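These numbers were taken from a predicted model, which means no experiment stands behind them. All values below come from the heavy atoms of this structure, side chains included, with hydrogens, waters and symmetry mates left out. The sequence lines fix the lettering, A, B, ..., with proteins before strands; numbering per chain opens at 1.
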There are 2 protein chains.
Amino acid sequence: MPEPSDRRSRKRLATSKAISDAATRLFMERGFDHVTVDEIAEAADVGRMTVFNHFPRKEDMFFDRDEEGREMLRAAVGQRAAGVAPLEALCLLAHRLVAERSPVVEFSARSERLVPTVAGSETLKARARAIRDELADLVAEALAEAIGRDPDDPDARLAAGLLLATWTVAFLEAHRTFRQTRSREKANEAFLALVDRGTAGLKAAMAATPYI
Amino acid sequence: MPEPSDRRSRKRLATSKAISDAATRLFMERGFDHVTVDEIAEAADVGRMTVFNHFPRKEDMFFDRDEEGREMLRAAVGQRAAGVAPLEALCLLAHRLVAERSPVVEFSARSERLVPTVAGSETLKARARAIRDELADLVAEALAEAIGRDPDDPDARLAAGLLLATWTVAFLEAHRTFRQTRSREKANEAFLALVDRGTAGLKAAMAATPYI
DNA sequence: CAGATATGTGTACTCAGTATATATTAAAAC
DNA sequence: GTTTTAATATATACTGAGTACACATATCTG
């Protein structure tokens, strides 16, 4: 978080946050599709055009931290410890995020309200899928670069596709586990167990691709 | 294809086809986002409301055969030969579709125009992703039933997620191969090679899940 | 302080999708 | 064969997201 010193940037950030906060609150209260942009503008006390100025699409007010996920994935592959294979680094990332209680894989009262909000809206589900595909592309390119292949190398694409599929299934299963057991520990276990199994399969699929 | 005998159904089918044909032609000519529903109605010589009567969403005029894919997946798992594991049956399906030159995995001049049309529109990509997720859900449930588990069994979900991810990557890579080599044979080979590798990894991830 | 620039905002528009009412046409019932 | 009944086509009028453009105002820079 840079927290810029000039007033203009600070004001812009404040406006952005006001809109995002108002929007997220309304989305969780009434469901994404039952909140209009006009209502969000009203609630954040800004003009309607200002909303679109900060968030080109309505969904962006809900998913406004996906860039952090990108950064983490890039860093995990790009700045991995010496001697660690790229795929291994991504598996370690999953474990580290859980150990550090990162909001990305947080299974808590908060996620318990967030997930149904997404599940209740086709638009939000569509954006979630798009982000997943964008992350898969990013991982594919990072893996390809790490093993010295073309950016669209099919091995890297397959690995990335399998990885994101695994994480998605693991995330939803962990969320389900939390909802049923009320235990963050059990949710974390369920998440990591599935990630490890997926990763094992992934490595098997990549057996013929050295150093990945 | 039932080809119904009563005039009413025949007329409805003809109207549907006229709209779908006009729409697909316009989409490929000018790109999905540069065609309005009014233009489609005009081209198909029907009223605007008739278009929405037949196709609730604009995207449905492009993806109007996804039900066939569902049928094939259901049948592959549900009516597999005795002694064939569900996952094996799905792998065999991929090979059979290629061998039978099914439109689903067709790499040809036609697919060469279809794929860029999808790639050029966020709306069509979103629908493609949604269909992929719907197919994954369907496969997950079919697998779960085949091995006597709950419909939301995590093993079945993981297997289905990995399978659809594999097929997606394999399809796009095969398309790329066709575009570059102009050879349907090479495209088919690329497709099946990736499907087989993904399936191998999938089986490894499922090693602890008997009979899947 | 003056000019350049980022930001906020209003007006007017396009287009997808929905609600509702009505007309027409084929099917079914008698 | 005439009368009901139901499916289909279509018009009108609406909602809401997103865009284009113009303009005002606040902030930064020289």
Side-chain angles (χ1 to χ4, degrees), chain A residues 2-24 26-27 30-64 117 120-127 130, chain B residues 2-24 26-27 30-64 117 120-127 130:
Chain A
E3 190 68 42
S5 53
D6 63 302
R7 178 181 295 159
R8 193 177 266 174
S9 305
R10 262 184 289 120
K11 282 203 171 181
R12 180 169 178 79
L13 220 65
T15 306
S16 233
K17 184 168 159 42
I19 295 169
S20 174
D21 287 353
T24 303
L26 288 172
F27 292 158
R30 291 158 38 194
F32 184 82
D33 298 317
H34 297 105
V35 179
T36 68
V37 174
D38 286 277
E39 289 171 323
I40 296 166
E42 182 73 18
D45 197 32
V46 296
R48 187 184 117 96
M49 281 311 297
T50 303
V51 174
F52 283 115
N53 179 358
H54 285 259
F55 303 94
R57 288 160 307 184
K58 195 181 163 191
E59 313 89 272
D60 297 332
M61 301 179 220
F62 189 88
F63 293 114
D64 58 347
T117 303
S121 158
E122 278 307 313
T123 308
L124 285 185
K125 281 195 285 184
R127 183 65 196 133
Chain B
E3 191 68 41
S5 53
D6 63 302
R7 178 182 294 158
R8 192 175 268 174
S9 306
R10 263 183 289 122
K11 280 203 172 181
R12 182 169 176 80
L13 219 66
T15 305
S16 232
K17 184 165 159 43
I19 294 169
S20 174
D21 287 353
T24 304
L26 287 172
F27 292 158
R30 291 158 38 194
F32 182 83
D33 298 316
H34 296 106
V35 179
T36 68
V37 174
D38 285 280
E39 289 171 322
I40 296 165
E42 181 73 18
D45 197 30
V46 297
R48 188 183 116 94
M49 281 311 297
T50 303
V51 174
F52 282 115
N53 180 357
H54 286 259
F55 302 94
R57 289 160 308 186
K58 195 180 161 191
E59 312 88 275
D60 298 332
M61 301 179 219
F62 190 87
F63 293 115
D64 57 347
T117 302
S121 159
E122 277 307 314
T123 307
L124 285 185
K125 283 195 284 186
R127 183 65 194 133

Base, sugar-phosphate alone, or nothing: which one does B:Thr50 contact when heavy atoms must sit under 4.0 Å apart?
-> base
Check every strand shown and say whether B:His34 touches a base, only sugar-phosphate, or nothing at a heavy-atom separation below 4.0 Å.
-> nothing
Phosphate OP1/OP2 of C:dG8: any A:Asn53 side-chain N/O under 4.0 Å = yes
I would like to know whether A:Phe62 and A:Thr117 meet side chain to side chain contact (heavy atoms under 4.5 Å, CB included); could you show each step before the answer?
-> CA-CA 10 Å; A:Phe62 189 88; A:Thr117 303; 3.8 Å; yes
N/O (side chain, B:His54) to phosphate O (OP1/OP2, D:dA9) under 4.0 Å | yes
Distance in angstrom units between B:Asp60 CG and C:dA16 C1', rounded = 13 Å
Which atom of B:Val37 lies closest to which atom of B:Arg48, heavy atoms considered = CG1-CG, 4.3 Å
With sugar-phosphate meaning primed atoms plus P, OP1 and OP2, does A:Val35 contact a base, only sugar-phosphate, or nothing at under 4.0 Å between heavy atoms?
-> sugar-phosphate
Taken to the nearest whole Å, CG/B:Leu124 to C1'/C:dA16 is 14 Å
Nearest heavy-atom pair of A:Ala23 and A:Ile40: which atoms, and what distance?
-> CB-CG2, 3.9 Å
Of all heavy-atom pairs between A:Ala43 and A:Ala22, which one has the smallest distance, and what is that distance?
-> CB-CB, 4.0 Å
Here the distance between atom C1' of D:dA9 and atom CD1 of B:Ile40, to the nearest Å, is 17 Å
B:Asp33 atom CG is separated from D:dA17 atom P, nearest whole Å, by 19 Å
Value in whole Å for how far the P atom of D:dG16 lies from CD of A:Glu42 = 14 Å
Checking salt bridge (Lys or Arg N to Asp or Glu O under 4.0 Å) for the pair A:Arg30/A:Glu39: CA distance, chi angles, key distance, verdict?
-> CA-CA 12 Å; A:Arg30 291 158 38 194; A:Glu39 289 171 323; 2.8 Å; yes
Minimum heavy-atom separation for B:Asp64 to B:Ser20, with atom names?
-> OD2-OG, 2.7 Å
Taking the side chain as every heavy atom from C-beta outward, state whether A:Thr15 and A:His54 have any atom pair closer than 4.5 Å.
-> yes
Note: for A:Asp38 and B:Thr15 on DNA chain D, the residue whose nearest nucleotide lies more 5' is B:Thr15
Per-nt protein contacts along nucleotides 18-27 of chain D (heavy atom under 4.0 Å; B base, S backbone sugar-phosphate only, - none) come out as BBB-----BB
Value in whole Å for how far the P atom of C:dT7 lies from NZ of A:Lys17 | 19 Å
Tell me: CD of A:Glu39 to P of D:dT15, nearest whole Å?
-> 13 Å
Let me know the distance between CZ of A:Arg10 and P of C:dT7, rounded to the nearest Å.
-> 14 Å
